[in-house]
There are 2 protein chains.
Amino acid sequence: MSLKHILLGLLRQPASGYDLKREFDTSLAHFWAAELSQIYPALKQLEAEGLIAGKEAAPSLGPARVIYKRTAKGSAALADWLAQGPKRGAQRHTDLAQTFFLDALNADEAARFVEAMLAARREDLHVLQKIAAAWKRAAGAAFPDALPDDEFYPYLTLEAGLAVAAARVAWCERALHRIRKRRNDTG
Amino acid sequence: MSLKHILLGLLRQPASGYDLKREFDTSLAHFWAAELSQIYPALKQLEAEGLIAGKEAAPSLGPARVIYKRTAKGSAALADWLAQGPKRGAQRHTDLAQTFFLDALNADEAARFVEAMLAARREDLHVLQKIAAAWKRAAGAAFPDALPDDEFYPYLTLEAGLAVAAARVAWCERALHRIRKRRNDTG
DNA sequence: ACATGCATGTAAAATGTTACATGATTTC
DNA sequence: GAAATCATGTAACATTTTACATGCATGT
């Protein structure tokens, strides 16, 4: 199960389930999503397997938190996962599935659909660009090559997200041109 | 549920569950995957909802087949889905999740991981390029603009797959250069 | 007082994967 | 005769999503 391996990876630094959810939403959103209701049971399972250890943090103020951290056994399990080589993840692009059947709509409706898709993909790209810009500002001159390993590799994945998002925007634009040209040619 | 909508879309042409599985593997693989064990129950559900109708095909030779076709009510449900605008599909890129944690390996192992990822992404791209080339050969001069709607839109999704696959290959190459440069710079 | 954010969880439903079971036909 | 492909399904398991439940703290 990949989710458990990802949690294992993130728990290099001690963190609560809630902290981890925030990481998913901010740093991992471009390749993985997870809900709190999925994270909490997964953490319990990892603890039962001895791969992470949890400690109740005394709440001087605010609600109680359980802080987890990876064990030595957990680090070994993580290295094992990586040593297996790159795994393929299932991709389900609902918007492309819809595009596949756009002949069920008329030309105007189809064009509007692709316009909406373009707007959504531009928004995706914009979000990632803002994150990348903030990262760049925070780092020094030899960016990203001078980053320490534990920031360099996460940054690489952001670049992957950026590259894919840009490709999808460009594709939407081309598709829209084609659809408009069709509409003019036939109508 | 998107799978049911996709089946609904594909059942413009009469087809059996087995036929549909073949379509997933050949024409939809770049954005959606489905197993037979998922397709058969989904077809039964769609039939129970009156969106498709099945007919037992008399098997003169070979095993019995159930041929389904979309009903008028089914076509309305499909149009409805498309009219809701583009839906976002959950993306789970296991290989990027692994890349995120590559600092857990040493520089050589990390480089080998990315090399393997590059090879896998090149293979993805190659598969799609072969499909696109075959499509191009089969069609005439004004390709793809002269295609009928029910082939034009599926072709657009293939182009999306191609664009994303090419972007991921290029990203892997850049990442690999960076990792090798790092290895030389630091030791 | 009320909304928002922090914090942890359970329960139920939906969705997806893997393994199993069956049997005919076609190709080597 | 064996293996691959056609064809349909069930069962068990794993995973993910959505809804619900609880309670503290902070800002308006």
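Note: hydrogens, waters and symmetry copies are ignored here, and every other heavy atom, side chains too, is used. Chain naming here is simple, since letters A, B, ... match the order of the sequence lines and numbering starts at 1 in each. Predicted model only: the values in this text are computed from it and were never measured.
Rounded to whole Å, atom P of C:dT15 lies 4 Å from atom CE of B:Met1. Rounded to a whole Å, the CD1 atom of B:Ile39 is 16 Å from the C1' atom of D:dT10. Between the CZ atom of A:Arg65 and the P atom of D:dC24 there is a distance of 17 Å, given to the nearest Å. Between A:Phe24 atom CZ and C:dA7 atom P there is a gap of 17 Å when expressed in whole angstrom units. Between B:Tyr68 atom OH and D:dG9 atom C1' there is a gap of 10 Å when expressed in whole angstrom units. Residue B:Tyr40 contributes atom OH, which lies 18 Å from atom P of C:dT18 at whole-angstrom precision. Counting to the nearest Å, the C1' atom of D:dG9 and the CD atom of B:Glu56 are 13 Å from each other. Atom NZ of B:Lys55 is separated from atom P of D:dT8 by 16 Å (rounded to the nearest Å).
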Given protein heavy atoms under 4.0 Å, the one-letter contact record of nucleotides 17-22 of chain D, with B base, S sugar-phosphate only and - none, is simply BBB---
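Residue A:Arg22 places no side-chain N or O under 4.0 Å from the OP1 or OP2 atom of C:dG5. Residue B:Tyr18 places no side-chain N or O under 4.0 Å from the OP1 or OP2 atom of D:dT8.
With respect to A:Lys181 and B:Asp145, a salt bridge is recorded, a charged nitrogen being found less than 4.0 Å from a carboxylate O. Note on A:Arg22 versus A:Asp25: no salt bridge recorded, every NZ/NE/NH1/NH2 to OD/OE distance being 4.0 Å or above. The pair B:Arg121-B:Glu173 does not count as a salt bridge, with every side-chain nitrogen at least 4.0 angstrom from each carboxylate oxygen. Ion pairing between A:Arg178 and B:Glu159 holds under the 4.0 Å rule for side-chain N and carboxylate O.
With sequence neighbours excluded, no residue satisfies salt bridge (Lys or Arg N to Asp or Glu O under 4.0 Å) with A:Glu23. Under the salt bridge (Lys or Arg N to Asp or Glu O under 4.0 Å) criterion, A:Arg70 pairs with no residue, sequence neighbours left out. Scanning for salt bridge (Lys or Arg N to Asp or Glu O under 4.0 Å) contacts around A:Asp80 gives an empty result, with sequence neighbours left out. Partners of A:Arg137 by salt bridge (Lys or Arg N to Asp or Glu O under 4.0 Å), not counting sequence neighbours: none found.
When distances are taken from the side chain of B:Ser16 to each of C:dA7, C:dG9, D:dT8, the shortest belongs to D:dT8. The side chain of B:Lys44 approaches D:dG9 more closely than any other nucleotide in the set C:dA7, D:dA7, D:dG9.
B:Lys21 comes within 4.0 angstrom of nothing in the nucleic acid, heavy atoms only.
Comparing B:Leu36 and A:Trp32 against DNA chain D, the residue whose closest nucleotide sits nearer the 5' end is B:Leu36.
Looking only at side-chain heavy atoms (C-beta outward), B:Ile131 and B:His30 stay at 4.5 Å or farther from each other.
Comparing the start and finish of the helix from C:dA1-D:dT28 to C:dC28-D:dG1, five pairs each, the helix axis swings through 30°, to the nearest 10 degrees.
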